[in-house]
Protein chains: 2
Amino acid sequence: MATTRDVRDEDLLRLDRQVCFSVHAASRAFNGVYREPLKELRLTYPQYLVMLVLWEHDELAVKRLGALLRLDSGTLSPLLKRLEAVGYVERRRSAEDERSVVVRPTEAGRELRAQALEVPRRIAAATGLTLDEFHELRERLDTLTRALDSAGER
Amino acid sequence: MATTRDVRDEDLLRLDRQVCFSVHAASRAFNGVYREPLKELRLTYPQYLVMLVLWEHDELAVKRLGALLRLDSGTLSPLLKRLEAVGYVERRRSAEDERSVVVRPTEAGRELRAQALEVPRRIAAATGLTLDEFHELRERLDTLTRALDSAGER
DNA sequence: GGCAATTTAGTTGTGCACAACTGAATTGTG
DNA sequence: CACAATTCAGTTGTGCACAACTAAATTGCC
């Protein structure tokens with residue numbers, strides 16, 4: 001039963017380099033394969049994430065969107081402004097609570113969904129990963145993220 | 001044996017949202033837990049990656065560093081300039097090839113390594129992941145990255 | 001009711017990722 | 001040798017992540 005105490009410092013640092021690099025590289029590689037398909041939709045990867053969530057919920061406060069995507073207003077505000085500029089979403093202050101801003105897809109934004117259906121098919125085809133592998137990958141990453149998030153709270 | 005053809009469009013789009021989000025979130029969570037420990041070293045996460053590689057190789061051309069980390073000069077040039085500004089690395093034009101710039105840790109940069117040894121220990125302790133789990137995670141991510149990279153070349 | 005604390009979106013500033021480009025040095029080829 | 005193609009670091013511009021902050025609206029408490 002090997003623990004970190006059994007390992008020499010240099011080996012630990014090497015492993016850290018490997019893991020850090022792997023996570024970092026995987027994230028950018030993921031971003032990379034989506035870039036081309038999404039360019040046709042005039043979306044960036046984070047904008048695609050936002051649209052995916054909006055297609056599922058139709059209408060969301062910025063606050064709630066940020067909670068779902070774990071992004072704060074510093075990231076979302078300009079991103080949403082750009083999505084509004086290309087005409088995919090509209091924003092309006094909530095009538096009930098003037099602090100809150102509600103985001104919803106425009107007609108163009110809703111029509112975009114049909115085109116977006118091609119994106120995961122292209123990714124799936126390109127990666128050669130099966131559905132089961134996608135599910136398993138997702139679960140592992142989520143487990144990791146939960147561990148990291150809870151670690152960060154100390 | 002389920003393939004993507006057996007799945008309805010909306011389910012596929014939902015899964016894509018989940019996987020995209022998971023990868024994105026894991027990367028940022030990883031970044032997040034390293035942020036505090038690295039702040040004490042006056043390093044960002046990508047700067048830490050660069051220093052880890054430099055500690056292993058001692059002296060590297062920018063080109064080679066970029067190949068190892070899969071980063072281009074547009075990312076590395078300003079990052080290395082900042083590392084030079086805090087005194088951790090020095091850059092000089094290669095004598096043999098004036099196009100090339102060689103980067104190496106300064107004395108302060110080499111001394112930083114001793115402090116950096118604490119970082120992976122803290123991460124390991126905080127996440128509760130075992131060495132085996134780290135290794136397995138790394139292998140899965142690398143497999144994924146290879147699949148994504150080869151997919152992007154088409 | 002009045003006022004402090006909280007909530008919410010937005011702004012500012014720093015750093016990274018990446019595409020597209022520049023300019024200088026080197027290499028290959030006739 | 002000459003010169004076109006290539007290589008290399010760097011710059012510019014756009015977009016995202018995040019910390020720290022602002023301003024306005026709401027809520028809670030007396």
Side-chain angles (χ1 to χ4, degrees), chain A residues 20-21 23-36 38-39 42-51 60-67 69-86 89 91-103 149 152, chain B residues 20-21 23-36 38-39 42-51 60-67 69-86 89 91-103 149 152:
Chain A
C20 284
F21 171 75
V23 173
H24 207 57
S27 172
R28 287 184 297 133
F30 223 79
N31 206 303
V33 292
Y34 278 81
R35 186 166 294 120
E36 278 306 312
L38 289 180
K39 190 148 67 178
R42 300 184 65 185
L43 289 177
T44 66
Y45 185 79
Q47 288 168 7
Y48 176 59
L49 275 173
V50 167
M51 292 307 297
L60 281 174
V62 173
K63 172 76 176 178
R64 178 115 176 79
L65 192 56
L69 294 174
R70 293 177 187 273
L71 291 171
D72 68 7
S73 63
T75 300
L76 282 177
S77 288
L79 187 156
L80 292 171
K81 207 181 284 184
R82 283 184 284 269
L83 281 180
E84 192 175 41
V86 296
V89 306
R91 295 180 299 161
R92 65 183 210 306
R93 289 272 160 191
S94 163
E96 306 89 63
D97 186 341
E98 288 282 340
R99 292 171 306 181
S100 176
V101 168
V102 175
V103 187
D149 279 349
Chain B
C20 284
F21 171 76
V23 173
H24 208 60
S27 172
R28 288 184 298 135
F30 224 79
N31 208 303
V33 293
Y34 277 81
R35 186 166 293 121
E36 279 306 312
L38 289 179
K39 189 148 68 177
R42 301 184 65 185
L43 290 176
T44 65
Y45 186 79
Q47 288 168 7
Y48 175 59
L49 274 174
V50 167
M51 291 308 297
L60 281 174
V62 173
K63 172 76 177 177
R64 179 116 176 76
L65 192 56
L69 293 174
R70 293 179 188 274
L71 291 171
D72 68 7
S73 64
T75 300
L76 281 177
S77 287
L79 186 155
L80 291 171
K81 206 183 284 184
R82 283 184 284 270
L83 281 180
E84 191 175 41
V86 296
V89 307
R91 295 180 298 162
R92 64 181 209 307
R93 289 271 160 193
S94 164
E96 307 88 62
D97 187 340
E98 288 282 340
R99 291 170 304 181
S100 175
V101 168
V102 174
V103 187
D149 279 348

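Below, all heavy atoms of this structure are taken into account, side chains as well, without hydrogens, waters or symmetry copies. By convention in this document, chain letters (A, B, ...) are assigned in the order of the sequence lines, proteins followed by strands, and residues within each chain are numbered from 1.
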* To do: Go through the structure and list residues passing ring pair (Phe, Tyr, Trp, His ring centres under 6.0 Å) with Phe21(B), not counting sequence neighbours.
  => none
* **Spacing between Leu65(A) atom CG and dT8(C) atom P, to the nearest angstrom** => 14 Å
* Structure fact -> Asn31(B) atom CG is separated from dC18(D) atom P, nearest whole Å, by 7 Å
* For atom CG of Asp72(B) and atom C1' of dC21(C), their distance in whole Å -> 12 Å
* **Close side-chain approach of Val89(A) to Met51(A), heavy-atom, < 4.5 Å** => yes
* Asked: The side chain of Arg35(A) lies closest to which of these nucleotides: dA19(C), dA17(C), dA25(C)?
  -> dA19(C)
* Structure fact -> Rounded to whole Å, CG of Leu71(A) lies from P of dG10(C) at a distance of 14 Å
* Exercise: identify the closest heavy-atom pair between Ala26(A) and Val23(B) -> O-CG1, 4.5 Å
* Do the rings of Tyr45(A) and Tyr34(A) sit parallel, tilted or perpendicular, given the 30° and 60° boundaries? -> perpendicular
* Rounded distance (Å) that lies between atom P of dT26(D) and atom CD of Glu96(A) -> 10 Å
* Asked: CZ of Arg70(B): more than 12 outside heavy atoms within 6.0 angstrom?
  -> no
* Under 4.0 Å protein heavy-atom contact, by nucleotide of nucleotides 7-13 of chain D - B base, S sugar-phosphate only -> BSBBB--
* Let me know the distance between NE2 of His24(A) and P of dG15(C), rounded to the nearest Å. => 16 Å
* Asked: Got a minute to check which stems DNA chain D is part of, using Watson-Crick or G-U wobble pairs under 3.5 Å, three or more consecutive?
  -> C:1-30 with D:1-30
* Asked: Nearest nucleotide by nearest heavy atom, which residue falls closer to the 5' end of DNA chain D, Leu79(A) or Glu98(A)?
  -> Leu79(A)
* Asked: In this structure, are over 12 heavy atoms from other groups packed under 6.0 Å from Arg91(B) atom CZ?
  -> yes
* Nucleotide dA19(D), atom P - distance to CZ of Arg70(A) in whole Å -> 14 Å
* To do: Check the pair Lys39(A), Glu36(A) against salt bridge (Lys or Arg N to Asp or Glu O under 4.0 Å), reporting the backbone distance first and the verdict last.
  => CA-CA 5 Å; Lys39(A) 190 148 67 178; Glu36(A) 278 306 312; 3.2 Å; yes
* Non-hydrogen atoms of Val103(A) and Leu80(A) that approach each other most closely -> CG2-CD1, 3.9 Å
* Which listed nucleotide (dC18(D), dA19(C), dA17(D)) is nearest to the side chain of Pro46(A)? -> dA17(D)
* Ring center gap for His24(B) and Phe30(A) short of 6.0 angstrom -> no
* Distance in angstrom units between Leu83(A) CG and dG15(D) P, rounded -> 11 Å
* Structure fact -> Closest to the 5' end of DNA chain C, once Gln47(B) and Lys39(A) are matched to their nearest nucleotides, is Gln47(B)
